[in-house]
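Order of appearance sets the numbers: ligands from 1, and atoms from 1 within every ligand.
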Amino acid sequence: MFAPEIVGKLVKLEPMDESMAETFYSYINDPKPNRFRPAPPVESVEAEREWIRNIGKSEQDIVWAIYCLEDGELIGSTGLHRYERAHQRAASGTLIAKPEHWGRGIGSEVVRLRTDYAFKELGLHKLNSEVIHGNTASLRMLMRVGYRIVGLFRDHFLRDGEWLDFYLLECMRKDWELARPDCR
Ligand SMILES: CC(C)(COP(=O)(O)OP(=O)(O)OC[C@H]1O[C@@H](n2cnc3c(N)ncnc32)[C@H](O)[C@@H]1OP(=O)(O)O)[C@@H](O)C(=O)NCCC(=O)NCCS
């Protein structure tokens, strides 16, 4: 689905395009930012290009590239996935690839912009997300905008021989309205 440009104070969100394939291939195959992401590595730059091409045509996904306004760098991606028009819901996810961009409020702004878009422009009823146990930054980032923990899958993810639990989060429209009263 079409991903419109959205500009905040720290970031600009833009539609992904094939020219970004090489950058995202390196980001997705870098173990550090992907430590808490269940997505498998990508085989080649061409496979990444193909993924970007397909996602642009998908009726169930909206994916944005994230640019840091301070240094102009392409730093990651965020998206709404498994969009179900009939049930007015979607799942969400974010990757900020370089640790030097972490902990500066960027993720929180990205999630605010994406969540405002989901409820205001798409008219969704709820969003959901999944966070691997131990990913405190992701949990805090999501809960600030109205996501709540609604469940836990135990031993859901095997990383380096260790079983990890998986939090399930939801953000209902009413949770977002409470968290972002000025944005309705
Ligand atoms: C998760 C991620 C998107 C957060 O982005 P970010 O720009 O670092 O987030 P923010 O700076 O807005 O911080 C969000 C919250 O996490 C806290 N936080 C940031 N880094 C933290 C850390 N290493 N440990 C604990 N808390 C941390 C912040 O203090 C803030 O909480 P607060 O609002 O209560 O103060 C980013 O770290 C990332 O992309 N990590 C790798 C991929 C990933 O894990 N994606 C999520 C998959 S579910």
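- For atom 32 (P) of ligand 1, a protein non-hydrogen atom is found at a distance below 4.0 Å.
- Taking any N or O of Arg104, backbone or side chain, at least one lies under 3.5 Å from an N or O belonging to ligand 1.
- Remark: the backbone N or O of Asn135 is not paired with any side-chain donor or acceptor of Ser138 at under 3.5 angstrom.
- Listed by number with element, the atoms of ligand 1 under 4.0 Å from a non-hydrogen atom of Glu130 are 48 (S).
- The nearest heavy-atom contact from the protein to atom 20 (N) of ligand 1 is Ala137 CB, 3.6 Å.
- Of the N or O atoms in Val131, none lie within a sub-3.5 Å distance of an N or O in ligand 1.
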* To do: Report the C-alpha separation of Glu170 and Lys126 in whole Å, then their side-chain angles, then the decisive distance to 0.1 Å, and conclude whether the salt bridge (charged side-chain N to carboxylate O under 4.0 Å, His left out) test is met.
  => CA-CA 7 Å; Glu170 278 181 351; Lys126 85 169 178 181; 2.6 Å; yes
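- At the shortest separation from atom 11 (O) of ligand 1 among protein heavy atoms lies Gly105 N, 2.7 Å.
- Here Asn135 has side-chain heavy atoms under 4.0 Å from ligand 1, and that is the only part of it that gets that close.
- Among all protein heavy atoms, the one lying closest to atom 42 (C) of ligand 1 is Pro33 O, 3.1 Å.
- At a 4.0 Å heavy-atom cut-off, ligand 1 touches Arg144 through the side chain alone.
- Closest heavy-atom approach to atom 13 (O) of ligand 1 within the set Gly107, Ser108, Pro99: this belongs to Ser108.
- Taking the ring axis of Phe36 as reference, the NZ or CZ atom of Arg159 stays within 45° of it and closer than 6.0 Å to the ring centre.
- A salt bridge links Arg53 with Glu50: at least one charged nitrogen is closer than 4.0 Å to a carboxylate oxygen.
- Regarding atom 45 (N) of ligand 1, its nearest protein heavy-atom neighbour is Thr94 O, 2.9 Å.
- Scanning all protein heavy atoms for the shortest distance to atom 29 (O) of ligand 1 gives Arg140 NE, 4.3 Å.
- Using the six-membered ring where Trp is involved, Tyr167 and His133 have ring planes that are tilted, between 30° and 60° apart.
- Counting atoms of ligand 1 from 1 in the listed order, those under 4.0 Å from a heavy atom of Ile106 are 7 (O), 12 (O).
- Distance check on atom 38 (C) of ligand 1: some protein heavy atom falls below the 4.0 Å cut-off.
- Ligand-side atoms of ligand 1 in range of Leu95: 39 (O), 42 (C), range being under 4.0 angstrom from any heavy atom.
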